[in-house]
Amino acid sequence: MKIKFCGAARTVTGSCYYLESDRFKVVVDAGAFQGSYDTEKLNREPFPFDPSSLDAIFLTHAHFDHCGRIPMLVKLGFKGRIFSTQPTRDLARIVLLDAARLQKEDYDRWLARAKDEKDSGENPSEDGSLYAKREPLYSEEDVEAAISLFEVYPYGTSVNLHNGLEFRFRDAGHILGSSMIEMWTTTDSGRERKIVFSGDLGQPGARIVKDPDLVREADYVICESTYGNRLHKNKDETVLELLSILKTAQEQGGNVLIPSFAIERTQEILYEINLFVENNLLNEMPVYLDSPMASKATTVFRQYPTFYDEDARRLLDKGDDPFNFKGFNITTSAEDSKRLITKNGIVIIAGSGMCTGGRIIHHIKNNISKSSTHMVFVGYQVEGTLGRKIVDGDKRIKIFGEGLDVNAQIHTLGGFSAHGDQRDLRYWLRSFGHSPKEIFITHGDEETSIGFASNIEQELKIQTQVPKLNEEFELK
């Protein structure tokens with residue numbers, strides 16, 4: 001049996017792992033590449049396998065870098081089964097429909113510009129090649145076709161697909177419905193292997209989702225390494241730091257911008273601010289959720305309280321909605337979003353989480369040159385993104401072609417990350433003991449992945465690989 005690493009190989013995005021045996025062909029995740037222009041061009045490259053020949057897709061969770069290319073597989077002929085948990089299916093539908101809509105809007109704007117600027121270098125070429133480079137990767141119809149193929153299963157239920165493949169979802173503690181996957185494969189000769197995919201592993205002690213499960217044995221392990229080179233701050237310290245930032249901004253009359261991923265990070269920030277307000281630690285500071293996708297995702301969160309950790313369930317039992325509080329507002333239109341330009345002393349939570357698009361871009365443009373502005377990053381920033389440039393300390397940025405000085409106060413709160421840090425990842429891998437024959441380190445920047453792999457190999461004395469893009473390995 002072979003495994004090919006078709007994404008998230010020495011990079012954080014584009015998760016996609018192809019497994020082929022004499023009895024089946026499947027992929028785990030089919031995520032989009034995100035970051036620089038050169039990175040995102042990979043989304044238009046052909047898959048290194050035939051989508052129409054796949055038997056199944058296993059989806060670990062609904063983040064775009066894990067599900068973003070599933071509709072492309074369907075568009076290219078995939079007609080098999082897609083396995084996930086129920087919250088993952090519902091959240092993936094929101095994420096993918098939003099992506100399809102944004103792609104169409106971008107393409108329509110480009111067509112309009114090309115028509116108005118016939119003499120510019122951006123004109124569509126006679127052979128239509130520029131059209132192909134700009135046209136949407138998929139449509140809303142492709143998304144709905146993909147969603148119709150989903151089959152949902154709870155955590156802990158073993159499912160035998162009767163083609164030499166059995167799987168079980170375990171809680172990854174990353175976002176609502178996120179999974180690690182235990183997979184048992186049997187060859188025609190009757191020999192069995194167990195492969196475990198970590199998906200994205202969360203931090204223990206998260207406020208809403210449960211802690212990641214531990215798995216006791218495997219022959220092969222595919223483990224993410226997003227924060228394999230660092231340790232997060234203590235969660236309580238992080239929460240107090242957020243409170244301090246909010247109170248300082250309130251005293252200064254400045255705005256707080258929080259670029260936040262629509263799924264999990266937004267809900268966790270709302271959860272903490274709700275506690276600040278409920279305990280009279282923060283008063284009369286309006287909070288605006290300026291993200292239609294995050295609003296829809298929050299509705300899905302409300303539908304699945306059985307997936308919550310004990311803290312969040314206790315709030316619900318007391319009759320408290322953890323995602324609503326005095327001073328909380330949801331913008332429902334672009335016009336509502338534009339009206340925030342005139343306001344001061346407010347908190348704006350908006351996407352995208354890495355500042356690559358969405359409404360947060362307009363708020364950054366209007367606020368980042370003010371010294372009273374506080375900008376709070378609560379998630380990983382991929383290399384090449386605007387968010388990464390700001391976090392790395394660039395003093396001047398460009399938005400919509402306009403140069404802007406970065407005078408805002410920049411804060412990075414790693415304790416809110418939905419990813420476990422180096423200590424958490426090592427603890428999870430130690431749970432296997434010495435059973436794995438081989439460990440593959442993925443989903444991390446190249447230097448991070450290589451360094452983490454070296455540490456794991458020394459600690460566990462198990463052969464550890466850091467695959468390159470489209471590199472293939474035999475699972476003996």
Side-chain angles (χ1 to χ4, degrees), residues 4-9 11-20 24-34 39-40 42-104 135-153 161 165 167 169 172 174-181 183 197 199-200 222 224 261-263 293 296-297 300 442-443 470:
K4 181 177 287 189
F5 293 85
C6 310
T11 185
V12 176
T13 64
S15 288
C16 186
Y17 312 121
Y18 173 69
L19 281 169
E20 179 180 347
F24 61 79
K25 298 175 182 178
V26 302
V27 294
V28 174
D29 291 341
F33 290 94
Q34 297 171 283
T39 299
E40 293 191 356
L42 293 172
N43 291 319
R44 297 189 181 276
E45 294 293 321
F47 288 96
F49 51 80
D50 177 8
S52 65
S53 71
L54 293 177
D55 298 295
I57 299 169
F58 296 87
L59 179 58
T60 60
H61 64 286
H63 277 152
F64 192 58
D65 63 323
H66 290 258
C67 71
R69 289 189 292 164
I70 287 179
M72 294 177 64
L73 292 176
V74 174
K75 185 177 179 180
L76 293 169
F78 172 74
K79 293 182 174 62
R81 305 157 78 180
I82 304 176
F83 299 104
S84 77
T85 63
Q86 194 165 358
T88 292
R89 178 197 61 187
D90 294 354
L91 290 170
R93 182 175 184 272
I94 293 170
V95 169
L96 295 172
L97 284 174
D98 186 71
R101 178 183 58 80
L102 289 175
Q103 290 171 40
K104 185 177 187 306
E135 66 184 9
L137 297 172
Y138 47 81
S139 67
E140 293 185 14
E141 290 74 21
D142 295 323
V143 172
E144 295 293 5
I147 297 301
S148 71
L149 300 176
F150 271 72
E151 297 181 23
V152 298
Y153 290 92
L161 300 181
L165 186 60
F167 75 92
F169 290 130
H174 175 60
I175 66 172
L176 192 77
S178 63
S179 303
M180 58 186 75
I181 301 173
M183 190 177 288
F197 295 86
D200 285 358
I222 292 83
E224 67 116 327
F261 299 99
I263 300 172
M293 187 165 73
K296 293 174 184 175
V300 173
T442 64
H443 202 285
N470 292 327

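Side chains are part of it too, since the values below use all heavy atoms of this structure and drop only hydrogens, waters and symmetry mates. Since we're looking at a predicted model, the values are computed, not measured.
- Distance OG/Ser84 to CG/Asp29: 10.5 Å, rounded to 0.5 Å.
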As a quick check of understanding, evaluate side-chain contact (heavy atoms from CB on, under 4.5 Å) for Phe83 and Leu161, giving each step before the final call. CA-CA 11 Å; Phe83 299 104; Leu161 300 181; 3.7 Å; yes

Would you list the atom pairs, donor with acceptor, under 3.5 Å between side chains in residues 69-80 and any protein atom, with sequence neighbours excluded?
unit_1 : atom_1 : unit_2 : atom_2 : d
Arg69  : NE     : Gly31  : O      : 2.7
Arg69  : NH2    : Gly31  : O      : 3.4
Lys75  : NZ     : Leu137 : O      : 3.3

Test log, rule side-chain contact (heavy atoms from CB on, under 4.5 Å), inputs Phe58 and Met183: CA-CA 10 Å; Phe58 296 87; Met183 190 177 288; 3.9 Å; yes

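- Of all the heavy atoms in Ala262 and Ala297, the pair that sits closest is O-CB, 3.7 Å.
- The minimum heavy-atom distance between His443 and Glu224, with the atom names listed, is CB-CB, 3.8 Å.
- Here CZ of Phe150 is found 7.5 Å from CD1 of Ile57. Values are rounded to the nearest 0.5 Å.
- For the residue pair Ala8 and Ser15, the shortest heavy atom distance occurs at CB-OG, 3.5 Å.
- Taking CG of Asp142 as the start and CG of Leu97 as the end, the distance is 11.0 Å to the nearest 0.5 Å.
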Between Tyr153 and Phe167, is a side-chain contact (heavy atoms from CB on, under 4.5 Å) present by the stated rule, with each step listed? CA-CA 10 Å; Tyr153 290 92; Phe167 75 92; 4.1 Å; yes

Applying salt bridge (charged side-chain N to carboxylate O under 4.0 Å, His left out), run through Glu144 and Arg93 and close with a yes or a no. CA-CA 8 Å; Glu144 295 293 5; Arg93 182 175 184 272; 2.7 Å; yes

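- A salt bridge links Arg101 with Asp98: the distance from a Lys NZ or Arg NE/NH1/NH2 to an Asp or Glu carboxylate oxygen falls below 4.0 Å.
- In terms of modelled atom types and a separation under 3.5 Å, the side chain of Asp55 and the main chain of Val26 share no donor-acceptor contact.
- Between Leu176 atom CG and His61 atom NE2 the span is 12.0 Å, to the nearest 0.5 Å.
- Considering all non-hydrogen atoms of both residues, Cys67 and Leu59 come closest at CB-CD1, 3.7 Å.
- Taking the six-membered ring where tryptophan is involved, the planes of Phe261 and His63 are tilted, since the angle between them lies from 30° to 60°.
- Residues Cys6 and Phe33 approach most closely at O-CZ, 3.8 Å, considering heavy atoms.
- Remark: the His66 side chain and the Asp200 side chain contain an N/O donor-acceptor pair separated by less than 3.5 Å.
- A distance of 8.5 Å separates CG in Leu19 from CG in Leu165, rounded to the nearest 0.5 Å.
- In terms of heavy atoms, Ser53 sits closest to Lys25 at OG-CD, 3.7 Å.
- Under the ring-ring contact (aromatic ring centres under 6.0 Å, His included) criterion, Phe64 pairs with no residue, sequence neighbours left out.
- Distance check, rounded to the nearest 0.5 Å: NE2 of His174 to CD1 of Ile263 gives 9.5 Å.
- Residues passing the side-chain contact (heavy atoms from CB on, under 4.5 Å) test with Ile94 are Met293, Lys296, Val300, sequence neighbours excluded.
- With a 4.5 Å cut-off on side-chain heavy atoms, Ile181 and Thr60 count as touching.
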